[in-house]
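Note that the structure is predicted; figures quoted are calculated from it, not measured. Counting starts at 1 for both ligands and their atoms, in listed order.
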Amino acid sequence: MRYFFLGYFILIAMVVSVAGFRGSKSARPPIQIFNDMDDQNRGDSQEASDFFANGQIAQEPIPGTIPMGFHVPTVAASAGGAPDLEGYAIDSGYLSTGKMGEFYGHGMPEELPVDNAFLERGAEKFGIYCAICHGESGNGAGVISKYGLMPTNLITAPVADPAQRPDGKIYDVIVNGQGLMGGYGANLNLTDRWAVVAYVRSLQARGAMPAADVQEAYDAWEASQSEESDAQPANEGDGGE
Ligand code: HEC
């Protein structure tokens with residue numbers, strides 16, 4: 001019995017001496033029985049290195065490096081230069097974020113002209129990136145709805161109600177996604193994103209029109225196509241306030 005207590009005491013002393021000092025700080029390298037990949041054969045960002053002449057492992061980007069899809073403006077916006085509408089993010093302004101201060105804004109950014117070409121661009125991008133889920137008409141019954149995912153109907157409230165979903169909010173959902181929907185900010189540049197917003201608004205306007213009016217507008221459009229005249233159906237977009 002005595003030996004049992006002695007053995008028990010030694011065991012506790014050993015456990016305490018090994019486990020009890022976990023978390024205490026020491027300048028010496030830790031004893032690693034299983035190292036759990038704590039040490040890897042790579043350089044950490046703050047580490048010194050004698051490989052590079054400047055003695056640090058993390059190197060500065062090569063001068064002139066720019067993010068993918070970003071063009072260096074020839075004239076700075078502050079000096080009156082035009083914004084880079086083919087870029088992906090310029091600044092923290094409405095055009096880049098859809099936000100005015102802390103809130104989502106409504107209306108097209110003033111830099112972008114809303115015309116037929118703009119809506120056609122939106123229609124093309126919507127067909128590529130959004131229709132698979134939200135449907136060609138935006139009613140939420142895209143191909144994916146046959147496989148269990150139920151994307152939001154874009155042509156009825158709340159998305160169709162600017163008070164609940166201002167343009168800037170739709171823009172933000174396109175860029176960053178929401179809930180089950182991933183973001184498309186990396187696929188669509190600034191102009192394309194807003195063009196999709198405008199096209200979604202035009203789908204909503206079309207969805208709210210009586211079927212006969214849609215047919216009439218379509219017939220007028222078709223006639224104008226064959227005449228190759230400039231007469232287009234009334235542009236029912238949300239307009240650029
Ligand atoms: C992979 C399928 C998928 C694709 C592609 C997709 N969406 Fe969605 N979208 C969803 C789902 C699912 C939701 C519901 C998200 C949630 O959980 O709130 C949604 C929600 C939305 C909403 C509503 C957000 C709100 O305020 O309630 C908008 C607007 C929207 N999508 C626009 C778009 C646009 C524009 C595109 C094309 C750039 C697009 N989506 C592409 C699946 C998709």
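Which parts of ligand 1 touch Val196 is read off a 4.0 Å heavy-atom cut-off, strictly below it: atoms 35 (C). Atoms of ligand 1 found under 4.0 Å from any heavy atom of Ile174 (numbered from 1 in listed order, with element): 35 (C). Close contacts of ligand 1 with Tyr184, meaning ligand atoms under 4.0 Å from a residue heavy atom, involve 4 (C), 5 (C), 41 (C).
No N or O atom of Lys169 sits closer than 3.5 Å to an N or O atom of ligand 1.
Regarding atom 23 (C) of ligand 1, its nearest protein heavy-atom neighbour is Val159 CG2, 3.8 Å. In terms of protein heavy-atom proximity, atom 25 (C) of ligand 1 is closest to Arg165 NE, 3.1 Å. The protein non-hydrogen atom at the shortest distance from atom 17 (O) of ligand 1 is Leu180 N, 3.3 Å.
Between the side chains of Asn54 and Gln59, at least one donor-acceptor pair of N or O atoms lies under 3.5 Å. Side chains of Asp219 and Gln215: a donor on one and an acceptor on the other come within 3.5 Å. Defined by atom type and a distance below 3.5 Å, a donor-acceptor pair is missing between the side-chain atoms of Gln32 and Asn35.
Classification of the Tyr8-Phe4 ring pair by plane angle, with boundaries at 30° and 60°, yields parallel.
Rounded to the nearest 0.5 Å, atoms CG (Leu188) and OH (Tyr129) are 5.5 Å apart.
Arg121 has a carboxylate O that lies under 4.0 Å from a charged side-chain N of Glu86, or vice versa, which qualifies the two as a salt bridge.
Nearest heavy-atom pair, Pro151 versus Ile144, reported as atom, atom and distance to 0.1 Å: CG-CG2, 3.6 Å.
Under the 4.5 Å side-chain contact rule for hydrophobic residues, Val175 and Leu112 share a cluster.
Nearby protein atoms of type N, O or S around atom 8 (Fe) of ligand 1 amount to 2 (distance under 2.8 Å).
Annotation: Tyr199 is not in aromatic contact with Trp194 [ring centroid separation under 6.0 Å not met].
Taking a 4.0 Å cut-off on heavy atoms, Ile144 fails to register as neighbouring ligand 1.
Side chain of Ser96 to backbone of Ser92: no donor-acceptor contact under 3.5 angstrom is found.
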